[in-house]
Amino acid sequence: MVDSPNAIDDARFRAGSLLVIVAPSGAGKTSLVRALITQRPSIQLSISFTTRQPRPGEVDGVDYFFVSHDEFERRRAAGEFLESAEVHGNLYATSKAWLDSQMSAGNDVLLEIDYQGAEQVKAIFPQAVGIFIAPPSLQVLRERLIKRAQDSQAVIARRLHAASQEMAQVPNFEYVIINQDFASALGQLLHVVDASSLRYFNQRARFPELFASWEAVRAS
Ligand code: 5GP
């Protein structure tokens with residue numbers, strides 16, 4: 001609810017949605033996000049900073065900004081990150097300046113981050129839309145990680161252990177998509193994204209004069 005006239009300047013009254021997507025690795029998040037962006041190309045995907053080594057095929061500045069531990073810590077100390085977290089032994093963070101510029105421009109923004117980061121983002125932007133993508137079972141997750149063949153056995157074991165902890169975070173999310181079948185999961189993700197963009201404060205930012213005319217009636 002709007003409880004003061006100044007609330008109109010509140011960050012919530014921006015036309016874009018801040019979408020935060022969290023999933024254990026292997027839940028199919030990356031493919032779903034790629035397909036989502038193909039269908040909704042106006043969504044801006046944040047490129048995170050990480051200390052992780054690039055996987056084969058990953059490109060610096062496209063998949064991540066791959067930085068050394070020292071550079072990461074220097075940027076973190078300089079307050080450049082909106083959120084940061086250690087995930088599977090590596091550091092990850094979202095650029096604050098990038099997010100500010102996208103949100104100020106009214107763009108839809110998508111953060112593909114872990115649950116610790118999501119919690120930090122929610123504390124700063126309560127209007128963020130938390131979407132959790134879950135695998136249908138831990139067994140399916142194990143099979144997907146093995147099939148992906150991008151990580152060593154030890155890394156897979158660590159990721160599976162982390163997945164059960166990550167699943168425990170599900171109550172903190174507004175939306176939960178169980179990725180049993182890619183096409184249905186994508187359909188559900190599109191519904192969530194489209195519905196989120198029609199929330200009161202997004203619409204108010206898009207149509208300020210219309211909303212002002214209604215508010216004038218209410219105030220008279
Ligand atoms: P991966 O190394 O497999 O690309 O990602 C590992 C985990 O780190 C995933 O859960 C991913 O969502 C998360 N992650 C990626 N970027 C960020 C970020 O900027 N912040 C946080 N907190 N987690 C991130």
Side-chain angles (χ1 to χ4, degrees), residues 18-34 36-37 43-69 71-73 75-76 78-103 109-125 128-135 138 141-142 144-170 172-173 175-177 179 185 189:
L18 174 55
L19 307 163
V20 180
I21 301 199
V22 171
S25 52
K29 177 177 63 170
T30 308
S31 315
L32 280 171
V33 165
R34 264 193 215 128
L36 169 69
I37 295 213
I43 297 175
Q44 304 297 311
L45 182 61
S46 167
I47 302 172
S48 300
F49 286 82
T50 184
T51 60
R52 168 167 78 63
Q53 291 300 308
R55 295 198 183 106
E58 283 186 332
V59 177
D60 186 38
V62 175
D63 298 287
Y64 281 103
F65 294 108
F66 295 100
V67 294
S68 66
H69 204 276
E71 183 178 346
F72 190 98
E73 290 301 358
R75 287 177 182 272
R76 180 149 69 178
E80 289 184 25
F81 297 148
L82 175 78
E83 61 75 34
S84 61
E86 184 175 331
V87 189
H88 311 313
N90 296 300
L91 298 172
Y92 294 85
T94 303
S95 160
K96 195 192 271 178
W98 182 87
L99 189 76
D100 280 350
S101 70
Q102 294 296 327
M103 287 178 70
V109 176
L110 196 159
L111 308 181
E112 239 190 293
I113 60 179
D114 90 310
Y115 71 89
Q116 305 167 83
E119 210 173 284
Q120 296 169 48
V121 172
K122 263 288 198 194
I124 302 164
F125 298 111
V129 182
I131 307 169
F132 196 99
I133 298 179
L138 283 178
L141 194 65
R142 182 196 314 272
R144 286 182 187 163
L145 287 175
I146 292 168
K147 212 163 115 195
R148 190 163 82 175
Q150 281 182 334
D151 300 300
S152 69
Q153 266 191 337
V155 170
I156 290 176
R158 199 160 64 196
R159 288 186 175 219
L160 278 172
H161 175 71
S164 38
Q165 278 180 308
E166 285 158 359
M167 296 312 303
Q169 305 302 318
V170 94
N172 299 326
F173 292 77
Y175 297 98
V176 182
I177 293 174
N179 185 13
L189 187 55

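In listed order, ligands and their atoms are each counted from 1.
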Pair R75 + E71: basic N to acidic O under 4.0 Å: yes

Is A93 in polar range of ligand 1, meaning some N or O pair under 3.5 Å apart? yes

Determine the sole option in F81, Y92, Y64 for which the ring pair (Phe, Tyr, Trp, His ring centres under 6.0 Å) test with F49 is passed. F81

Kindly check if the number of other-residue, nucleotide or ligand heavy atoms within 6.0 Å of NE2 (H161) is above 12? no

Looking only at protein heavy atoms, identify the closest one to atom 22 (N) of ligand 1 and say how far it is in Å. D114 OD1, 2.7 Å

Looking only at distance, does H88 have an N or O less than 3.5 Å from an N or O of ligand 1? no

Nearest non-hydrogen protein atom, atom 3 (O) of ligand 1: R55 NH2, 2.9 Å

Here the gap from L82 atom CG to F125 atom CZ, rounded to the nearest 0.5 Å, amounts to 5.5 Å

Between K122 and E119, is there a salt bridge with N-O shorter than 4.0 Å? no

How far is atom 11 (C) of ligand 1 from its nearest protein heavy atom, and which residue and atom name does that atom have? K29 NZ, 3.6 Å

Backbone or side chain, does any N or O of S48 fall under 3.5 Å from an N or O of ligand 1? yes

Short N/O distance, under 3.5 Å, between E83 and ligand 1? yes

